[in-house]
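Have a look at the structure below before the remarks.
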Amino acid sequence: MKSRRRRHQHQLLFTFLLFLSQEIELLTAEAFTGTYGINYGRIADNIPSPDEVVTLLRAAKIRNVRIYDADHSVLEAFSGTGLQLVVGLPNGYLKDMSANASHAMSWVKENVQAFRPKTSICGIAVGNEVLGGDDYELWEALLGAVKNVYKAISKLGLADAVQITTSHSQAVFANSYPPSSCIFEKNAAQFMKPLLEFFSQIGSPFCLNAYPFLAYMYNPENIDINYALFEKTKGIYDMKTNLHYDNMLDAQIDATYAALEDAGFKKMEVIVTETGWASRGDDNEAAATVSNARTYNYNLRKRLAKKKGTPLRPKMVVKAYIFAVFNENLKSGQTSERNFGLFKPDGSISYDIGFHGLKSSSADSSLLSMKAVQAQGLSKSYILISTISAAASFLFLKQ
């Protein structure tokens, strides 16, 4: 009798631990881990394979990654890695997804459900910089696409694990200086407010693409480059809020918070989904240098590592995805557009801000990868082992 009861307790313990391990895996897929992430753009014909990119990112201990589509070779490469992935629904799909809920369901099934939970897809970015852009039909389609994608993940039981967002450029604002004066641009506002209402209901943040580089390039006569680069500067003073800003990124984020508050969404979080600095540009892009790019990205890493908020929202820790992993040689536009990468196409570093590239010695790369894997697995293993010990003690003490 006693032996049978013990076997039953063993079965209960095993079932409980299996459930627990699955729950821990799901929980780690839900949130932005820490404060630092990166955008993995692939408009290039000379960058490393997705498998090599995984090695690179794990060695750098960068866990939060955004891509601009849902390429299956990338999703497969990220399987089992622990990297938190936000996939993108490109702008070209929005009109169809807005008009056809069944197409949104098919897309989610094929590109998200089919790969979870082994690939930790924690978000879907529905379009990118739609409002404020040139295609007004996309403005009209955005909210419908967002709602249909959300309905799809809800029906599939993924709404608690996969966050729905869309990113905005500075073009959605009418004014951003000083930060407290910022409001949404009149035309964008009529589409923005219902979108924010829906995001508020489902708990999504406001996603901002913020580039001090572009702001400085637009107005170099009136902006101190040190202010844009997080270097020592007198900064700016906002008389309305009585707040001082020593760097432009904080000011851009707080301008966004001011616009959100003006629109009635004071509690919504702002996450920076793109920011970076070009390391090379055309003749009229004098600020696009290796030195400036290194300074911006190094200082940004330091700023994010402090895990602090902004002057207006000191308790709302700033989180940012850096643009981008690689220089992308097939991008159109000015030379700067092709030179935002922290890494060169061969996997070596573009400049030193503390990361190691794929071109370092094989021993060094192997050691870094192992350390990264261990660092990423530590907290999960510790939690699991601690809970196993507690559960085992409880069950066997009951004998």
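- Put simply, Met97 and Leu156 are part of the same group of oily side chains (I, L, V, M, F, W, Y) that touch within less than 4.5 Å, one to the next.
- The minimum heavy-atom distance linking Met248 with Pro212 is given by the pair SD-CA, 3.6 Å.
- Between Arg66 and Tyr40, the closest side-chain pair of non-hydrogen atoms is not below 4.5 Å.
- In this structure a side-chain-to-backbone donor-acceptor pair under 3.5 Å is missing from Asn292 to Leu229.
- Considering every non-hydrogen atom in both Tyr227 and Gly235, the closest pair reads CD1-CA, 4.0 Å.
- A donor-acceptor pair under 3.5 Å is formed between the side chain of Trp277 and the backbone N or O of Ala287.
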Donor-acceptor pairs under 3.5 Å, side chain of residues 253-262 to any protein atom, not counting sequence neighbours: which ones?
from	atom 1	to	atom 2	distance (Å)
Asp254	OD1	Thr310	OG1	2.4
Asp254	OD2	Tyr245	OH	2.7
Asp254	OD2	Thr310	OG1	3.4
Asp254	OD2	Leu312	N	2.8
Thr256	OG1	Gln252	O	2.9
Tyr257	OH	Val270	N	3.1

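- Using modelled atom types, one finds a donor on one side chain and an acceptor on the other under 3.5 Å when comparing Asp346 with Ser348.
- A salt bridge links Lys95 and Glu137; the closest N-O separation between the charged side-chain nitrogens and carboxylate oxygens is under 4.0 Å.
- Thr35 places a side-chain N or O within 3.5 Å of a backbone atom of Leu304 that can act as its donor or acceptor partner.
- A distance-only check finds a donor-acceptor pair linking the side chain of His244 to the backbone of Lys234 [under 3.5 Å].
- Taking CE from Met105 and CD1 from Ile153, the interatomic distance works out to 10.0 Å, rounded to the nearest 0.5 Å.
- Both tests do not hold together for Lys193 against Phe184: distance to the six-membered ring centre under 6.0 Å, angle to the ring axis within 45°.
- Between the CG atom in Leu131 and the OG atom in Ser167 there is a gap of 11.5 Å [rounded to 0.5 Å].
- Rounded to the nearest 0.5 angstrom, Asn339 CG and Asn327 CG are separated by 4.5 Å.
- In the hydrophobic cluster analysis, where Ile, Leu, Val, Met, Phe, Trp and Tyr join through side-chain heavy atoms closer than 4.5 angstrom, Tyr218 is grouped apart from Val172.
- Arg280 has no carboxylate O lying under 4.0 Å from a charged side-chain N of Glu285, or vice versa, which leaves the two without a salt bridge.
- The main-chain N or O of Pro345 is never found under 3.5 Å from a side-chain atom of Asn46 such that the two would form a donor-acceptor pair.
- Ring centroid separation for the pair Phe340 and Phe326 does not come in under the 6.0 Å cut-off.
- No side-chain donor from either of Asn39 and Glu274 sits under 3.5 Å from a side-chain acceptor of the other.
- Within a 6.0 Å radius of NZ in Lys344, other residues, nucleotides and ligands contribute 12 heavy atoms or fewer.
- The shortest side-chain heavy-atom distance between Tyr150 and Phe198 falls under the 4.5 Å cut-off.
- A donor-acceptor contact shorter than 3.5 Å links the side chain of Asp282 to the backbone of Thr335.
- In this structure, Thr119 contributes its side chain and Arg116 its backbone to no donor-acceptor pair below 3.5 Å.
- Using a distance-only test at 3.5 Å, with no hydrogens or angles considered, no donor-acceptor pair links the side chain of Arg63 to the main chain of Leu83.
- If you run side chain to side chain contact (heavy atoms under 4.5 Å, CB included) between Phe230 and each of Leu249, Asp246, Thr295, only Leu249 comes through.
- Shown here for Cys122 and Val86, the closest heavy-atom pair between the two residues is SG-CG2, 4.2 Å.
- Residues Glu197 and Met192 are not in side-chain contact: their nearest non-hydrogen atoms beyond the backbone lie 4.5 Å or more apart.
- Between Asn299 and Glu231 the shortest side-chain heavy-atom distance falls below 4.5 Å.
- Phe213 and Tyr296 have their aromatic ring centers separated by at least 6.0 angstrom.
- Not one N or O on the side chain of Trp139 forms a donor-acceptor pair closer than 3.5 Å with the backbone of Ala188.
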Checklist entry - side chain to side chain contact (heavy atoms under 4.5 Å, CB included) between Phe115 and Ile121: does it pass, once the steps are laid out? => result CA-CA 8 Å; Phe115 291 90; Ile121 299 173; 4.1 Å; yes
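- Follow the hydrophobic side-chain contacts under 4.5 Å out from Ile62 and you never reach Val317; the two are in separate clusters.
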Item to check | Full working for ring-ring contact (aromatic ring centres under 6.0 Å, His included) between Tyr36 and Tyr321 | outcome: CA-CA 6 Å; Tyr36 195 93; Tyr321 290 88; 9.3 Å; no
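- Checking Asp71 against Ser73 by side-chain atom types alone, a donor-acceptor pair falls below 3.5 Å.
- Hydrophobic clustering (ILVMFWY, side-chain heavy atoms < 4.5 Å, transitive): Ile67 and Leu330 are in distinct clusters.
- Using a 4.5 Å cut-off on side-chain heavy atoms (C-beta onward), Tyr136 and Leu138 make no contact.
- A donor-acceptor contact closer than 3.5 angstrom is absent between the side chains of Glu185 and Asn175.
- Checked against Val146 for a side chain to side chain contact (heavy atoms under 4.5 Å, CB included), the options Thr165, Leu94, Val126, Leu89 give a single hit: Val126.
- Under the 6.0 Å cut-off for aromatic ring centres, His103 and Tyr93 do not qualify, their centroids lying 6.0 Å or more apart.
- In this structure the side chain of Asn219 reaches within 4.5 angstrom of the side chain of Glu221, judged on heavy atoms.
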Item to check | Intermediate values then yes/no, side chain to side chain contact (heavy atoms under 4.5 Å, CB included), Leu208 and Ile271 | outcome: CA-CA 6 Å; Leu208 173 70; Ile271 291 180; over 6 Å; no
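- Annotation: the span from Leu142 atom CG to Ser98 atom OG amounts to 8.5 Å, rounded to 0.5 Å.
- Distance check: Glu110 CD to Trp107 CH2 gives 10.0 Å after rounding to the nearest 0.5 Å.
- Two different hydrophobic clusters hold Ile183 and Phe265 under the rule that ILVMFWY side chains link at heavy-atom gaps under 4.5 Å.
- The closest side-chain heavy-atom distance from His168 to Asn209 is not below 4.5 Å.
- Electrostatic pairing of Arg303 and Asp250 counts as a salt bridge here, judged by a charged N lying under 4.0 Å from a carboxylate O.
- Taking every heavy atom of both residues into account, Asn91 and Gly127 meet most closely at OD1-CA, 3.0 Å.
- In the displayed structure, Tyr237 atom OH is contacted under 6.0 Å by more than 12 heavy atoms of other residues, nucleotides or ligands.
- For the pair Ser350 (side chain) and Gly341 (backbone), a donor-acceptor distance under 3.5 Å is present.
- Contact check for Tyr351 versus Ser279: side-chain heavy atoms found under the 4.5 Å cut-off.
- Annotation: Asp45, atom CG; neighbour count of heavy atoms from other residues, nucleotides and ligands within 6.0 Å is above 12.
- Interatomic distance, CZ of Phe355 versus CG of Leu342, reported as 6.5 Å (0.5 Å rounding).
- Scanning all heavy atoms of the two residues, the minimum distance from Glu328 to Arg42 falls at OE1-N, 3.1 Å.
- Between Lys331 and Arg338 the shortest heavy-atom distance is O-NH1, 3.0 Å.
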